[in-house]
Amino acid sequence: MKEHQSQVFLQRARFFTMMRRLAFLLVSLTLIYSLTAVVYSTQVIYKVKFNYAVILEQFGGKREAVTDVGWHFRLPFFTRLEKEVPLMNQNMYIGGSTEPIKIISQENVALWTSALMTFRIKDLKVWGIENLSPEILLQGDYDGIAKDILQGKEVNRLISNRESIKEEIFHALKNRPINKNGPTLEGKYGIEVVSFVLNETRFGDKLVEATEEKKRRQLIAEAENYAADQEAQRIQKLYKAYLDGIQALHFALGGREDQQVNPDLLEFLSQQKWATAYEKNESTQKTFVLHDGKSSPAITLPFPADRAVSD
């Protein structure tokens with residue numbers, strides 16, 4: 001009986017010993033995990049990745065760039081990780097957005113355009129230490145140079161001559177001083193401009209509609225002008241034919257070139273005109289002919305006065 005009780009007591013003791021050890025192990029793991037989390041969150045131990053750098057601020061205010069790839073240690077409370085800087089190619093859109101922005105051309109015409117500059121950081125000391133918020137500063141200077149060139153061009157060049165404008169802006173971004181006798185974009189920020197792409201240059205939708213309406217009206221006006229020119233040419237031809245007919249009839253009746261046309265001949269042609277009007281009159285119409293001659297119109301051609309006297 002006593003041996004059975006001893007075995008039960010030993011088993012309980014072993015169980016409690018295992019539970020204490022397990023509890024101690026769990027507490028130890030929790031403390032280790034908490035300590036690791038605290039160290040990681042405070043970045044006392046930090047890692048510099050490939051093609052990245054870290055700006056570290058010392059207790060005295062001195063800032064330095066850490067570029068060695070791998071794990072590094074810093075003193076807590078006496079140093080501070082300011083920021084992590086990528087050294088790979090980076091993109092920057094004009095206006096800070098992938099969406100097209102509105103610019104005004106030299107002729108005061110609104111256009112929508114989007115552009116992309118690719119750059120990489122070459123001098124980390126200039127980029128991250130000499131400039132405060134370099135991304136914001138670079139965006140402003142980049143927009144200023146690109147917009148100055150775009151808004152100084154004519155609409156036709158912006159639409160049809162994009163290749164040369166793109167190269168002009170790329171050359172300006174690399175070599176043109178931001179201000180007279182000032183630094184270039186690359187010198188001010190310690191970067192290298194890799195490329196520049198002019199993605200889109202187009203009119204606004206309302207401007208396109210207005211342009212199409214203007215073209216439509218121009219086509220209508222040109223068609224009307226063409227019809228007017230055709231009518232004028234037709235009238236000129238009829239008038240010339242009418243004059244040629246009078247002249248031919250004048251010669252046929254014995255008139256000379258240096259002689260004035262006989263008024264009786266013009267009176268005869270006027271009679272023929274009114275006779276034609278009577279012939280074309282339909283039964284359902286009423287035609288009123290106003291004759292303002294001094295004598296009533298005759299049906300036959302009267303003899304010339306000189307020939308009547310000789311007879």
- Message: Using only atom types and a distance under 3.5 Å, with no angle test, would you say the side chain of Thr184 pairs donor to acceptor with the backbone of Gly187?
- Response: yes
- Query: Rounded to the nearest 0.5 Å, what separation is found between the CD1 atom of Ile55 and the CD1 atom of Ile129?
  - Reply: 5.0 Å
- Rounded to the nearest 0.5 Å, what's the gap from OH on Tyr142 to CG on Leu173? Could you check? 7.0 Å
- Note on the structure: Heavy-atom nearest pair, Val197 first then Lys166, reads CA-CD, 4.2 Å
- Message: Looking at every heavy atom in both Ser195 and Phe170, which two are closest together, and how far apart are they?
- Response: CA-CE1, 3.7 Å
- Rounded to the nearest 0.5 Å, how far apart are CG of Leu132 and CG of Leu137? 7.0 Å
- Stepwise side-chain contact (heavy atoms from CB on, under 4.5 Å) check, Ile191 with Lys122: CA-CA 5 Å; Ile191 63 174; Lys122 299 292 290 183; 5.7 Å; no
- Smallest separation among heavy atoms of Gly182 and Pro177, with atom names: O-CB, 3.4 Å
- Item | Transitive ILVMFWY side-chain link Phe119 to Val126, under 4.5 Å | no
- Task: Run the numbers on Glu200 and Trp112 for side-chain contact (heavy atoms from CB on, under 4.5 Å), then give the verdict.
- Result: CA-CA 8 Å; Glu200 184 179 11; Trp112 291 94; 5.9 Å; no
- Message: Run Lys174 and Glu186 through salt bridge (Lys or Arg N to Asp or Glu O under 4.0 Å) and show every step you take.
- Response: CA-CA 6 Å; Lys174 288 187 68 70; Glu186 294 185 339; 2.9 Å; yes
Listed pairs under 3.5 Å, donor-acceptor, residues 85-97 side chains, sequence neighbours left out:
residue, atom, partner, partner atom, Å
Asn89, OD1, Arg120, NE, 3.1
Asn89, OD1, Arg120, NH2, 3.2
Gln90, NE2, Pro86, O, 3.1
Asn91, OD1, Thr118, OG1, 3.0
Ser97, OG, Glu99, N, 3.1

- Query: Atom CD of Glu167 and atom CD of Glu163: how far apart are they, to the nearest 0.5 Å?
  - Reply: 5.5 Å
- Message: If you compare all heavy atoms of Ala53 against all heavy atoms of Thr67, which two are closest, and at what distance to 0.1 Å?
- Response: CB-CG2, 3.9 Å
- Item | Backbone N/O of Gly128 and side chain of Arg63: donor-acceptor pair under 3.5 Å | yes
- Task: Establish whether Leu198 and Val194 are linked, either directly or via other cluster members, by ILVMFWY side-chain heavy-atom contacts under 4.5 Å.
- Result: no
- Message: Quick check against the 3.5 Å criterion: does Asn131 have a side-chain atom that pairs as donor or acceptor with the backbone of Lys188?
- Response: yes
- Message: Minimum heavy-atom separation for Pro100 and Ser114, please, with both atom names.
- Response: CA-CB, 4.0 Å
- Message: For a quick check under 3.5 Å, do Asp229 and Gln233 share a side-chain donor-acceptor pair by atom type?
- Response: no
- Is the closest basic N to carboxylate O distance between Glu57 and Arg80 below 4.0 Å? yes
- Message: Taking NZ in Lys62 as the centre, count heavy atoms belonging to other residues, nucleotides or ligands within less than 6.0 Å. Is the count above 12?
- Response: no
- Message: Evaluate Gln151 against Asn108 for side-chain contact (heavy atoms from CB on, under 4.5 Å), listing each step before the verdict.
- Response: CA-CA 9 Å; Gln151 297 188 161; Asn108 200 27; over 6 Å; no
- Message: Using 0.5 Å steps for rounding, measure from the CG atom of Leu158 to the OG1 atom of Thr113.
- Response: 7.5 Å
- Query: Would Lys153 and Glu168 satisfy side-chain contact (heavy atoms from CB on, under 4.5 Å), going step by step from the backbone distance to the final call?
  - Reply: CA-CA 11 Å; Lys153 302 298 182 184; Glu168 182 179 349; 2.9 Å; yes
- Message: Please say yes or no: joined through hydrophobic side-chain contacts below 4.5 Å, possibly via intermediate residues, are Ile103 and Val109 part of one cluster?
- Response: yes
- Item | Asn199 side, atom CG; Leu116 side, atom CG - distance, nearest 0.5 Å | 6.0 Å
